[in-house]
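So the structure is just underneath, and the comments pick up after that.
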Amino acid sequence: MKPDMRREAPAPAVDDVERAHLKEPSDTSHEMFRYAGPDELSGLVRRFWIPVWSLATGQSAPQNVLQYPVCLLVVTPEYARFYGVTSGLSTTTLAGEGWAVGVMCEPAAGYLLTGRSVDEFTDRHVDLADALGDDARALVHDIRSAMAQDPRAPDSHTGAMAAYGRALRQFTPVDDEGLLVNKLVSFVENTAEVTRVSQVCDVFSMTERSLQRLVHRRLGLTPKWLIQRRRLHDAVGRLRERSTTLAEVAAELGYADEAHFIRGFSSVTGTTPGRFANVHSPHRS
């Protein structure tokens, strides 16, 4: 089965991708193509993303991302890597001309692909072969061959995603524990009222210790981090989408006060929420 090749419609001002990718409105360094994962990889692949860039000599464009709690597979002309979750701010600097074909996995995937506890990969990446073994060589060859002619062409994208499909379908169906962690992460990501780990424990009838072990093994993180990251994503969305005060955002997201919100946001993103809003919100001057 081929991936869903429908090109996404022009994105609204805020979507779930932009809440993670802190791309400035003035950044025209690259074109991004995103495609839904195919049904055959349900529970394993969330989406494919294919950036294509071209910058003049001497120019560069840092791309800052508040990564979701998922592992990534990335193939470019120069490297092929498996990424664990970056607990802070992930930064990739674009330069020259290039492309990448990436897979945003589902939370369950990292453990299935590597056969190891995903905490080994937190805040680091390894060569794709270290994660997928011998199958990585054919996968990388097929992706680079598909993208060689025209990295912006739909046929190139179809071929590259099909190569991922051939390599990843062996890891399906997702195991029961993987389905549980997918459901758990989805709950936290989509339930703004969740501000305490105990709330997650109550919904999933788990002790805090059992929840800690599950999230550590399958994501390389902590339940508290999941909630903090969701709140940062929500904050990015609030600061982008409409005119609002920092105190209002802090209250909406359940921070103790505005000062706690500013400290939490600044410590991870490297900028204050006020500066971020001034750059990214169309409602501010």
Side-chain angles (χ1 to χ4, degrees), residues 1-23 30-53 63-76 80-86 90 92 94 99-113 118 121 125 128 131-132 139 142-143 146-147 151-169 171-174 178-179 181-190 218-219 226 229-230 233 236-237:
M1 181 182 298
K2 290 185 177 181
D4 182 353
M5 287 299 302
R6 293 172 296 178
R7 177 83 178 275
E8 286 189 356
V14 177
D15 63 22
D16 66 335
V17 175
E18 289 305 315
R19 291 157 78 88
H21 189 181
L22 309 186
K23 179 181 177 182
H30 64 281
E31 185 174 7
M32 180 71 78
F33 303 86
R34 299 186 181 99
Y35 303 96
D39 291 342
E40 66 172 346
L41 299 180
S42 176
L44 193 73
V45 169
R46 184 173 291 190
R47 67 167 66 88
F48 298 96
W49 47 276
I50 304 175
V52 184
W53 62 90
Q63 304 299 306
N64 296 319
V65 177
L66 288 169
Q67 189 178 338
Y68 287 99
V70 298
C71 297
L72 307 173
L73 311 180
V74 183
V75 176
T76 77
R81 295 172 179 168
F82 174 89
Y83 288 83
V85 180
T86 300
S90 172
T92 300
L94 306 181
W99 54 264
V101 182
V103 172
M104 179 187 287
C105 297
E106 290 285 7
Y111 181 87
L112 293 174
L113 299 183
V118 183
F121 305 97
H125 63 261
L128 197 56
L132 298 184
L139 168 62
D142 290 348
I143 290 175
M147 296 291 287
R152 288 181 170 82
D155 286 348
S156 299
H157 300 172
T158 300
M161 291 187 289
Y164 270 124
R166 290 191 294 271
L168 298 181
R169 66 170 62 101
F171 299 101
T172 60
V174 174
L179 294 175
V181 80
N182 282 351
K183 186 175 181 180
L184 187 152
V185 169
S186 178
F187 170 73
V188 174
E189 286 184 333
N190 292 288
R218 299 300 296 233
L219 302 176
L226 293 178
R229 182 51 51 103
R230 198 280 329 289
H233 285 159
V236 168

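- A donor-acceptor pair is defined here as one N or O able to donate and one able to accept, closer than 3.5 Å; no such pair exists between the side chain of Asn64 and the backbone of Leu22.
- The shortest distance between side-chain heavy atoms of Phe187 and Leu226 does not fall below 4.5 Å.
- Taking CZ of Phe33 as the reference point, atom CZ of Arg152 lies at 6.5 Å (rounded to 0.5 Å).
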request  = Take Glu106 and Leu44 through the test side chain to side chain contact (heavy atoms under 4.5 Å, CB included) and record every step on the way to the result.
outcome  = CA-CA 5 Å; Glu106 290 285 7; Leu44 193 73; 5.6 Å; no
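- Remark: side-chain polar atoms of Thr158 are paired, donor with acceptor, to backbone N or O of Pro154 under 3.5 angstrom.
- Checked by atom type and distance alone, the side chain of Thr172 pairs as donor or acceptor with a backbone atom of Arg169 at under 3.5 Å.
- Distance check: Arg34 CZ to Met104 CE gives 8.5 Å after rounding to the nearest 0.5 Å.
- Here the straight-line distance linking atom CZ of Arg46 with atom CG of Leu72 works out to 10.5 Å at 0.5 Å rounding.
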key: Stepwise side chain to side chain contact (heavy atoms under 4.5 Å, CB included) check, His157 with Tyr35   = CA-CA 9 Å; His157 300 172; Tyr35 303 96; 2.6 Å; yes
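- Heavy-atom minimum distance, Cys71 versus Gly84: SG-CA, 4.2 Å.
- Arg81 places no side-chain N or O within 3.5 Å of a backbone atom of Leu128 that could act as its donor or acceptor partner.
- Across every non-hydrogen atom of Pro69 and Val185, the tightest pair is CG-CG1, 3.6 Å.
- With respect to the salt-bridge test (charged N to carboxylate O, under 4.0 angstrom), the residues Glu189 and Arg230 do not qualify.
- For Asn182 against Gly43, the heavy-atom pair with the smallest separation is ND2-O, 3.0 Å.
- Between Val70 and Leu219, the closest side-chain pair of non-hydrogen atoms is not below 4.5 Å.
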message = Go through it in stages, so that I can follow the logic: the residues are Val65 and Thr86, the test is side chain to side chain contact (heavy atoms under 4.5 Å, CB included), and I'd like the CA-CA distance, side-chain angles, deciding distance and then a yes or no.
response = CA-CA 9 Å; Val65 177; Thr86 300; over 6 Å; no
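- Scanning both residues, Val174 and Ser42, for their nearest heavy atoms gives CG2-O, 4.0 Å.
- Salt bridge Glu31/Lys23: absent, no basic N to carboxylate O contact under 4.0 Å.
- Summarising the geometry of Ala160 relative to Ala146, their closest heavy-atom pair is N-CB, 3.6 Å, with the distance given to 0.1 Å.
- Although no hydrogens or angles enter the test, the distance criterion places no donor-acceptor pair under 3.5 Å between the side chain of Asp142 and the main chain of Ala163.
- Tyr164 and Phe48 have tilted rings, their planes meeting at an angle from 30° to 60° on a 0 to 90° scale.
- The aromatic rings of His125 and Tyr83 sit tilted relative to each other, their planes meeting at an angle between 30° and 60°.
- Under the 3.5 Å distance criterion, the side-chain polar atoms of Thr92 are left unmatched by any main-chain donor or acceptor of Gln63.
- Of the possible donor and acceptor atoms, one in the side chain of Arg229 sits under 3.5 Å from a partner among the backbone N and O of Gln67.
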key: Intermediate values then yes/no, side chain to side chain contact (heavy atoms under 4.5 Å, CB included), Leu113 and Leu132   = CA-CA 6 Å; Leu113 299 183; Leu132 298 184; 4.0 Å; yes
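- Between the side chain of His233 and the backbone N or O of Leu66, at least one donor-acceptor pair lies under 3.5 Å.
- Gly110 and Phe82 get closest at one heavy-atom pair: CA-CZ, 4.2 Å.
- Here CD1 of Ile50 is found 13.0 Å from NE2 of His30. Values are rounded to the nearest 0.5 Å.
- Annotation: the span from Cys105 atom SG to Leu168 atom CG amounts to 7.0 Å, rounded to 0.5 Å.
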